[in-house]
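Taking it in order: structure first as structure tokens, then the write-up.
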Amino acid sequence: MKKIRKAVIPAAGFGTRFLPATKAIPKEMLPIVDTPTLQYVVEEAVKSGITEILIIIGKNKKCIEDHFDKAVELEQILEREHKDAYLKVVRDITDMAHIHYVRQKEMNGSGSAVLEAEAFISGEPFAVMYGDDIVYNPEKPCLKQLIDAYETTGKSVIACQEVPDSETSKYGIVRPGQVKGRYAEVLELVEKPKPGTAPSNLANIGRYVLTPDIFDLIRKCKPAPNGEIYLTDAIEMMAKSTGVYAYALEGRRYDVGDKLGFIQATIEYALRDHTLCDGLKRYIKDLAKEI
Ligand code: G1P
């Protein structure tokens, strides 16, 4: 079985939900406390053993490339001023992994975005990571859990978590077949079912380990009425042919593509930061008395 070395991170969307902040800044660069959301995703990939990362970028994404590139002038200044801790933070970003870029010309869905990665992947199994999902698990990163699940099953694996009934219409929902511990056979993957029609509460979150036959399946997908080609549809075809597993993740997941989820992530990451924790706790307690 080939090792998972490569990850694809689609980051070409317009981030309309965060306008006006995203008019000139990609949503992936919006920070949770002091770190862009995209960096959390890249760090998760690296901690999971990924060595090659392809970021699918669109227009206005130059600052993504700058962020992961060397910042010679800034490093010189930090060195001169003996700001060693900051210097390390800045250098670590560049040294993390080999990051490659491809520019998606037309924004026509997650399937089309992943298709841009075909040449880079060159026939290996690989990971797909959506920047809108951040999962906190200091013991075992989310992607590592999925890679282990792939090595156990030998099949494509999608990450899932249970969500309440009121939220099933926001996700791809799995119709599970046989369930064994954290593993469930995927019989069907229904993209954003209408309220009350979801086949389960098992929602797909934005982490996948896919075998390379996914590319041919994406090409076979019919565009949705809005013209977009969804990765979910190709995974659904795979589930019905060679088989796909859902793996119930361990970890605290934040939907940072949503404003409330973004704020929750900001508060909880700040509470985990020992320089901010005490002051923030005091502030939250005082505020809670007022509201
Ligand atoms: C995408 C997928 C959906 C999945 C979700 C996870 O939706 O299409 O199946 O459940 O990511 O975040 P989007 O968030 O792009 O609407």
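Ligands are counted one by one from 1 in listed order, and the atoms in each one are counted from 1 as well. Bear in mind the structure is a predicted one, so any value in this text is a computation, not a measurement.
Using a 4.0 Å cut-off to heavy atoms of Thr232, the atoms of ligand 1 that qualify are 8 (O), 9 (O). The contact set between ligand 1 and Gly206, taken as ligand atoms under 4.0 Å from a residue heavy atom, comprises 6 (C).
Summary of contacts: the protein heavy atom closest to atom 14 (O) of ligand 1 is Asp132 OD2, 4.5 Å. Nearest protein heavy-atom contact of atom 2 (C) of ligand 1 is Glu191 OE2, 3.6 Å. Nearest protein heavy-atom contact of atom 13 (P) of ligand 1 is Lys192 NZ, 3.6 Å. In this structure, the protein non-hydrogen atom closest to atom 10 (O) of ligand 1 is Asn204 O, 2.6 Å.
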Decide yes or no on side-chain contact (heavy atoms from CB on, under 4.5 Å) for Cys142 and Met129, but give the supporting numbers first.
CA-CA 10 Å; Cys142 170; Met129 309 172 82; over 6 Å; no
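Using a 4.0 Å cut-off between charged side-chain N and carboxylate O, Lys140 and Glu250 make no salt bridge. A salt bridge is absent between Asp84 and Lys88; no separation between the charged side-chain nitrogens and carboxylate oxygens falls under 4.0 Å.
Contact of the Ile158 side chain with the Val174 side chain is registered, since non-hydrogen atoms from C-beta on lie closer than 4.5 Å. Counting only heavy atoms from C-beta outward, the side chains of Thr168 and Pro195 never approach each other to under 4.5 Å.
For ligand 1, the polar-atom distance check finds an N/O of Gly172 within less than 3.5 Å of one of the ligand's N/O atoms.
Ligand 1 has no atom lying under 4.0 Å from any heavy atom of Tyr230. Residue contacts with ligand 1: Ser110 is excluded, as none of its non-hydrogen atoms falls under 4.0 Å.
At a heavy-atom distance under 4.0 Å, only side-chain atoms of Asp133, from C-beta outward, approach ligand 1. Under 4.0 Å from ligand 1, not a single heavy atom of Lys170 appears.
The residue from Tyr208, Tyr171, Tyr130 that puts a heavy atom closest to atom 1 (C) of ligand 1 is Tyr130.
Between His100 and Phe120, the two ring planes are tilted [angle within 30° to 60°].
The distance from atom CZ of Arg253 to atom CD of Gln264, rounded to the nearest 0.5 Å, is 10.5 Å.
In summary, the side chains of Tyr254 and Glu268 do present a donor paired with an acceptor at a separation below 3.5 Å, with no hydrogens or angles considered.
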